[in-house]
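Each remark here refers to the structure printed beneath this line.
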Amino acid sequence: MKQEKIIDALNDVDPEYIDEAAPKVKTRSRLRPWLAMAACLALVVGIFAAVRLVKPPSKPEPAPEGPSPHEIQDEGPKAGQDETIWPEPNTDADTILGYRFGPLYLGMPFDDVKALYGEPLNPAFEAHVLEDGIARAYVSYKLSEDSEQYSDLGLDIADAGDGWVVNNIYLSTDRDLDLPHGVKIGMTDAELHTVWPEITEEAAYNADAGFGEENGIEFTCASYSQFNGHLGFTINLQNGVVDSVDLGRYYEEPPWEVDTPAPEEPYSFFSGEVTVWRQTDAGWEAVRPPEGRETKQIEMQFFIEELVPLEQDLSEIRYVVDFHNDTVCLVCAPEEGITDGPNAPPDAWGAVYHLEDRKAFEASLAAGEAVPRGLTCLETCIFPYGTWDTLNEAFE
C-alpha cells in the first residue's frame, strides 16, 4: 500500500470533491475508507490513525452472529518496520466490537452485506495481501439516492482464510440508520451532546488539527473517538456538524515499513488545470472547466480507483483529457465485452500517455486527426466507473 503517497496527493484536494467520488482498492490502494476525511486527515492521524495496526484483545466477539477474528501471533515489529505506540484505551474492546451501523458490524460476512445492498459500485475489487497473510480490499456503496456523493458507504473487507468479512466501516450518508449513542449524520455538535451527554467523558475530543481554507471558504474539523488498540469508533465533524462516522478495524495490520519510499508513478492526474477534448463531426471540440470544483471532480474521477490493465488496441477515440502536467488520457466509448468485472456495466476505457511534444499534440487536435500525435503510451486500461458520465457532464 502507498498510504503516505495517497495522503500527500489528498493534501491539496477539497474533501467535498472526494465525497463526490468513490473507490476500489488494488495494489496501489487508491482511497481507503478515510477517503472523505481528507480535511480531517491530520485529526484522524493524530487521534485514530493509531487505531489501524494492532490486534484486538484475545478473541473478541463483534456481535452474536459475527465470526471471531483470525488469531495472529504478535512477534513484534521486524527489522525495517515502525513500532506502533498506542494511546491508553478509553473504551473496552467489547463495547466497540458490539457497535452497529444499522445492520452493519465488524466481522460481518461480506455475503450478508451483498444480500442487503447488492453488489458494490466496484464489484471487480482486487485484494492485496499484507505480511500477516490476510487479504484486504475496499468496496463502496451509495445508500442515499438524494446524496450528491458518488458513494456514501465505504467498507474495508478482509479475508483471513474463512471468507470476506467487514474490517472497517466508513459512513457519510444521512440515510435513516441507527448509529451508536443515537448519533445521526448532519446533527450539530450541540445535538450530539444532547443524545450522548457523556460524550466528553467517554470519547476523546480533538479539533486542533482541522482547519483550512479552500476557494475562499473556511472549514473546521473535529472528532470524538473511542479507541482500544486498533479498534475504534470515531465521529467526524466539519463546521460543527457530524459529517461521517468510522468503525474499525476488525483485524490488525502489520507495522508500516520504514525507509522504503514508494516508486514514482509515471503519470499524475493532479495539476489544478484540465482540458477535455471531444470528438465531433467537425473535429475536436475543447472545454476547459473552471479551476476549482469542476476541475477537481475530473481529477478525482481518474484517480479514485486503480486503473484496470487491458490488452486491447484502441478503437474510436471519443475524448482526450489533458492534465497539463505531461499526462494525457485518450478515452474510448464503452463497448460490450469491456467491463470492470463479470457483473460491472461497460464504462470508459482507453490509455494513459506521456506527452512528449505539446506542439505536435495540439496541432494534430486542431487539424482534426483521429489520433493525437506527440504521445507515448504508458498503459492501456479501463478507467474508473463513472468516467464516461463525468466527461459528458464537462460539456453540459
Side-chain angles (χ1 to χ4, degrees), residues 9-10 12-23 30 148-151 214-217 265 267-305 307 314-335 338 340 345-396:
L10 291 177
D12 296 326
V13 179
D14 190 316
E16 184 177 0
Y17 307 136
I18 298 175
D19 285 341
E20 295 176 354
R30 288 290 191 199
E148 295 182 357
Q149 304 174 24
Y150 180 84
S151 70
E214 181 73 22
N215 297 329
I217 301 176
E265 293 277 17
Y267 53 82
S268 171
F269 300 124
F270 292 100
S271 69
E273 183 179 1
V274 175
T275 300
V276 181
W277 301 76
R278 178 172 63 178
Q279 179 71 278
T280 68
D281 293 339
W284 291 99
E285 173 190 4
V287 63
R288 178 174 294 184
E291 294 183 14
R293 182 186 184 91
E294 291 83 358
T295 293
K296 293 292 186 182
Q297 186 172 357
I298 294 174
E299 291 176 333
M300 286 304 303
Q301 176 60 48
F302 279 84
F303 173 81
I304 203 71
E305 297 177 1
L307 303 182
L314 298 191
S315 58
E316 183 181 0
I317 299 168
R318 299 292 296 278
Y319 287 101
V320 175
V321 185
D322 179 7
F323 291 94
H324 293 274
N325 59 2
D326 294 334
T327 297
V328 173
C329 292
L330 304 188
V331 182
C332 302
E335 290 185 11
I338 297 181
D340 200 7
D347 205 335
W349 64 286
V352 182
Y353 291 79
H354 178 74
L355 179 60
E356 305 286 353
D357 187 337
R358 177 164 290 280
K359 288 185 177 180
F361 169 73
E362 293 180 347
S364 62
L365 290 171
E369 297 179 17
V371 180
R373 292 180 280 113
L375 303 174
T376 298
C377 185
L378 299 175
E379 182 177 4
T380 304
C381 59
I382 300 174
F383 293 112
Y385 182 72
T387 298
W388 188 252
D389 289 341
T390 297
L391 295 180
N392 285 335
E393 290 169 1
F395 285 85
E396 294 179 355

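Note that the numbering runs from 1 along the sequence shown for the chain. From a predicted model like this one, the values you see are computed outputs, not experimental measurements.
- Ring geometry for Trp388 against Tyr319 counts as perpendicular: the plane angle is over 60°, on a 0 to 90° scale with 30° as the lower cut.
- Here the side chain of Thr390 pairs no donor or acceptor atom with the backbone of Ile298 at under 3.5 angstrom.
- For the pair Phe269/Cys329, a side-chain contact is recorded, criterion being any heavy-atom separation below 4.5 Å from C-beta on.
- Here the closest non-hydrogen pair linking Asp357 and Ala360 is OD1-N, 3.1 Å.
- Between the CZ atom of Phe361 and the CG atom of Asp326 there is a distance of 10.5 Å, given to the nearest 0.5 Å.
- Between the side chain of Glu299 and the backbone N or O of Ser271 there is at least one donor-acceptor pair closer than 3.5 Å.
- Between Phe270 and Met300, some side-chain heavy-atom pair lies under the 4.5 Å cut-off.
- In this structure a side-chain-to-backbone donor-acceptor pair under 3.5 Å is present from Ser364 to Arg373.
- Applying the salt bridge (Lys or Arg N to Asp or Glu O under 4.0 Å) rule to pairs touching residues 273-284 yields Glu273-Arg288, Arg278-Glu285, sequence neighbours excluded.
- A donor-acceptor distance shorter than 3.5 angstrom exists from the side chain of Trp349 to the backbone of Ala333, with no hydrogens or angles considered.
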Next item on the list: Run the numbers on Leu307 and Tyr267 for side chain to side chain contact (heavy atoms under 4.5 Å, CB included), then give the verdict.
Entry: CA-CA 12 Å; Leu307 303 182; Tyr267 53 82; 3.4 Å; yes
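- The shortest side-chain heavy-atom distance between Leu355 and Thr327 does not fall under the 4.5 Å cut-off.
- Taking each heavy atom of Thr275 and Ala286 in turn, the nearest pair found is CG2-CB, 4.3 Å.
- Using a 4.5 Å heavy-atom cutoff, the side chains of Ile317 and Trp284 are in contact.
- Under the side chain to side chain contact (heavy atoms under 4.5 Å, CB included) criterion, Thr387 pairs with Gln301, Phe302, Ala348, Phe383, Pro384, Leu391, sequence neighbours left out.
- In this structure the side chain of Leu314 never reaches within 4.5 angstrom of the side chain of Val371, judged on heavy atoms.
- Here the side chains of Glu393 and Glu396 are in contact, with some heavy-atom distance below 4.5 Å.
- Between the CG atom of Leu365 and the CH2 atom of Trp277 there is a distance of 5.0 Å, given to the nearest 0.5 Å.
- If you take CZ on Arg358 and CG on Asp322, they are separated by 4.0 Å, rounding to the nearest 0.5 Å.
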